[in-house]
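The structure appears right after this line, and notes come after that.
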Amino acid sequence: MLTLRPAALAANARRARALAGDARVYAMVKANAYGHGTALALSALSPYVDGFGVAVLDEARTLRSLGCTAPVMLLEGPFDADELSEAGALGLELVVHSLWQLELLAARAGTTPLVVWLKCDTGMHRIGVPPAACAGALSRLSRLPGVTVAGLMTHFACADERDDPLSATQLAALKTLAAQHDLPFTAANSAALCRYPDSHGALVRPGIMLYGSAPLAGQALADQGLMVTQRLAARLIAINTIPAGDSVGYGASWTAQRPSRIGVVAIGYGDGYPRHAPAGTPVAVGGARTGLAGRVSMDMLTIDLTDLPRAVVGDEVELWGDTVSVDEVAAACGTISYELFCQVTARVERRVARP
Ligand SMILES: *Cc1c(COP(=O)(O)O)cnc(C)c1O
């Protein structure tokens, strides 16, 4: 069961709003709102944000079909001429990150108004026009009928990392371009919104902080005034007592060091729980923590209940949520909360918590 908390999403959006000062706030709702469900996120976040951001056109289509009339930023821009024309019809704000997209805009028929953010590559080297090519791109854009340049955009590579020399360099490069061309800018993801007020510019683009995961590595959610927005839980369906020396699960990879009580939980990688979660990855039963024992299978996983003698079949086990943070599970698995959120499969029943 995945319990989703719209009230926590709303509280986190208010927190983002408060941090943003005068900057506008676009909530990133790509990848099904980081697995929370686009419709749910749209209704919970709408009162507190100015717009939304999605990676691809189909996600923007979904927002519009849900009745969203707010600004929607298409973060990767259109992929071809058909997408460009649909994006125009949907009234999206387009990110233009490559010169081939400029050609797409230049070749379009018609003059439907288009709002464009020019994405600059200030050092992440993923998408964006190199700084030296920005002046040319802007002058090209300014001559295209119907096109308005909203501003310059960049994305930070390391804003969430404790030791982060790159963000300052990236921000300086973007600010130089913005000053040269007298344009607004947008740079901040969640980490930068929390950490670098000078990066806020005209518009901030929080994602993960809205979804109840700590935006800065090694920090707790509460330190940022944020709330848990989802809880993944499943039932204990069997409990086995095994002698010291016996092993548990596929590959017999975990061996009991003492007589042990092993709980079997009805969730596995078929539900999106990571198969590579190692033994010891935290879980909680009735608010008490313990850890995985043995490999995660498709439909089940096994946990050590030896020190939780009161746990019984039928109890609910929290995989992440209030007692065990999603960030802890992600760290144990060598990944990030974003990936865990995106991976929960359709088999998992969703329930919306009432406020
Ligand atoms: C996903 C995304 C964000 C949000 O990042 P978080 O780390 O989730 O806050 C911001 N900007 C762009 C371009 C993105 O793709």
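Atoms within a ligand are numbered from 1 in the order they appear, just like the ligands themselves.
- For ligand 1, the polar-atom distance check finds an N/O of Gly207 within less than 3.5 Å of one of the ligand's N/O atoms.
- Under 4.0 angstrom from ligand 1, the non-hydrogen atoms of Ile208 come from both its backbone and its side chain.
- Close contacts of ligand 1 with Met153, meaning ligand atoms under 4.0 Å from a residue heavy atom, involve 13 (C).
- Salt bridge Glu103/Arg140: present, at least one basic N to carboxylate O contact under 4.0 Å.
- Between Phe341 and His36, the two ring planes are perpendicular [angle over 60°; tilted spans 30° to 60°].
- Considering only heavy atoms from C-beta on, His155 comes within 4.5 Å of Arg205 through its side chain.
- Considering only non-hydrogen protein atoms, atom 8 (O) of ligand 1 sits nearest to Tyr34 OH, 2.5 Å.
- Remark: minimum distance from atom 9 (O) of ligand 1 to any protein heavy atom is reached at Ser190 OG, 2.5 Å.
- Note on ligand 1: Met209 sits outside its first shell, no heavy atom being nearer than 4.0 Å.
- The single protein non-hydrogen atom nearest to atom 5 (O) of ligand 1 is Asn189 CB, 3.5 Å, given as residue, atom name and distance.
- The single protein non-hydrogen atom nearest to atom 1 (C) of ligand 1 is Lys30 NZ, 1.3 Å, given as residue, atom name and distance.
- For atom 7 (O) of ligand 1, the closest non-hydrogen atom on the protein side is Tyr338 OH, 2.6 Å.
- Under a 4.0 Å N-O distance rule, the pair Glu328/Arg289 qualifies as a salt bridge.
- Atom 11 (N) of ligand 1 has Arg205 NE, 2.9 Å as its closest protein atom, hydrogens excluded (heavy atom only).
- At a threshold of 4.0 Å, the pair Arg231-Glu316 counts as salt-bridged, since one of the basic side-chain nitrogens sits closer than that to a carboxylate oxygen.
- In this structure, Val115 is not a member of the same hydrophobic cluster as Leu105, with clusters built from ILVMFWY side-chain heavy atoms closer than 4.5 Å.
- Ring geometry for Tyr34 against Tyr338 counts as tilted: the plane angle lies between 30° and 60°, on a 0 to 90° scale.
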